[in-house]
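So that the names make sense, note that chain A is the first sequence line, chain B the second, and so on, each numbered from 1.
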Amino acid sequence: MTQDTERLGGPGVPESPAQTFLAAGAGRERTGGEDGRHRLGQLIQFVAGPENRLAEAALWGLLAGEEDYNPIVLHGHSGVGKSQLARDAYNAWKALHPDRPAALVAGIEFARQLTDAIETQSVEDFRDHYRGLAMLVVDDLHLLSGKTAAQEELMHTVDAVARSSGAVLITCRWPPDQLGGFLSGLVSRLSAGLTVPLVPPGPEARRALLGRYVAAPGFPWSEAALELVDQRFRGTAAQLEGLVKQVALTAGQPAARIGPELVASVLDHRPGAGQPELRVIAMAAAKGFSVRLGDLRSGSRRRAVVLARAMAMYLARNLSERTFEEIGRYFGGRDRTTVSHACQRMEALLAQDPSLRQLYTQLEQQLRA
DNA sequence: CCAAGTTATCCACACTGCT
DNA sequence: AGCAGTGTGGATAACTTGG
């Protein structure tokens, strides 16, 4: 990994891999010079700040046809932009290599298609399609947990695509070696490629994202309004986009200038912007561990209760923007450091217990739905 | 049932970023 | 400087485990 880092993220790496890539003229042939570069630049929606330069570099390397790191696995919490990056890679590939077949498929959809193919006795067609691809993008691989047939099929697909000098990009909640309920063959195949962590946008990336979202015509934002979002908003790219839409909606008719007062009132009255209620999270965790909701909020320290409580706290922390203080208050008025410790402990447990990770994934899915 | 080990919890203090 | 949020380390008591 040291070598990978040196190669892709070290001092030799230019500020923006995208710039270098485009400056070098990669893809010019098929995308048509200046115009093509511009078009390709527009296809890339993911905004990478310094914190995600390695992922960006990996993406551009993949598009440039570098085979050194194949497959590339992007992993990170939900909301960091994995799916966006997957879509970008797919769209850019199609623009660069219109004559080389590519596919973007969600992990769970890949499994469903395979089941259909088996039922309709068309597995050969399924294989011809996927194994003949020049580029395969699989989004949310972790949802294939426990689905061995699909994993086996995917493993052979990845091999086939790689053998014919194709590119494979995979997004996942966890790095390959921490996946629970996965075939060791697939895990080692994935681990042999390049594994890149994705993290939430930092200040620089947030600013760039904000600039893009407010660029839509009709609702001119004042500098002070932008400044306010910059100062007060801490969230994922998707949440930021939601905020901008909410502000436009509140502004009413187009052409009204958006000032800091309006933004402040939207920020103040955000109804938890899609984040589940603590009670809903606690109930889901309680059910997952077969304990009572009341137990989680009680003083009990029974092993099963403590584990379920820690999971609930960890979920609350990851799926909402609530502070340790708020979470602790809900769970029996516990100290905020208790919540902090519980989250750290859960993180450590998840790193070493595949079945627990499986449960976490399940609960997270359920609560986001 | 009891002693020993483990760890969930709380407290005190320190650090960071913002106003 | 003051505040909010967070991180870290130590002390204590609740709980688990082995005999």
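Atom CD of A/Glu325 and atom P of C/dG7 are 14 Å apart (whole Å). Per the geometry, CZ belonging to A/Arg309 stands 12 Å off C1' belonging to C/dC15, to the nearest Å. The separation between A/Met346 atom CE and B/dA8 atom P is 9 Å, rounded to whole Å. The CG-P distance, from A/Leu349 to B/dT6, rounds to 16 Å in whole Å. C/dA4 atom P lies 18 Å from atom CD1 of A/Ile327, rounded to whole Å. When rounded to the nearest whole Å, the span between CG of A/Leu307 and P of C/dT16 equals 12 Å.
Considering only side-chain atoms of A/Phe324, the nucleotide from C/dG7, B/dC11, B/dT9 that sits closest is C/dG7.
Residues of residues 336-344 of chain A that place a heavy atom closer than 4.0 Å to DNA chain C, in numerical order, are A/Arg336, A/Thr337, A/Ser340, A/His341, A/Gln344. Contacts between residues 292-305 of chain A and DNA chain C, defined by a heavy-atom separation below 4.0 Å, involve A/Ser300, A/Arg301, A/Arg302, A/Arg303, listed by number.
A donor-acceptor contact shorter than 3.5 Å links the side chain of A/Arg317 to the backbone of A/Arg322.
For residues 132-164 of chain A, no pair satisfies ring pair (Phe, Tyr, Trp, His ring centres under 6.0 Å), with sequence neighbours left out.
Under the ring-ring contact (aromatic ring centres under 6.0 Å, His included) criterion, A/Phe126 pairs with A/Phe110, A/Tyr130, not counting sequence neighbours.
Stem analysis of DNA chain C (Watson-Crick or G-U pairs, both distances under 3.5 Å, runs of at least three) returns B:1-19 with C:1-19.
Residues A/Ile108 make up the rest of the hydrophobic cluster containing A/Leu143, defined by ILVMFWY side-chain heavy atoms closer than 4.5 Å, directly or through other members.
Atom CG of A/Leu154 sits about 10.0 Å away from atom CG of A/Leu114, to the nearest 0.5 Å.
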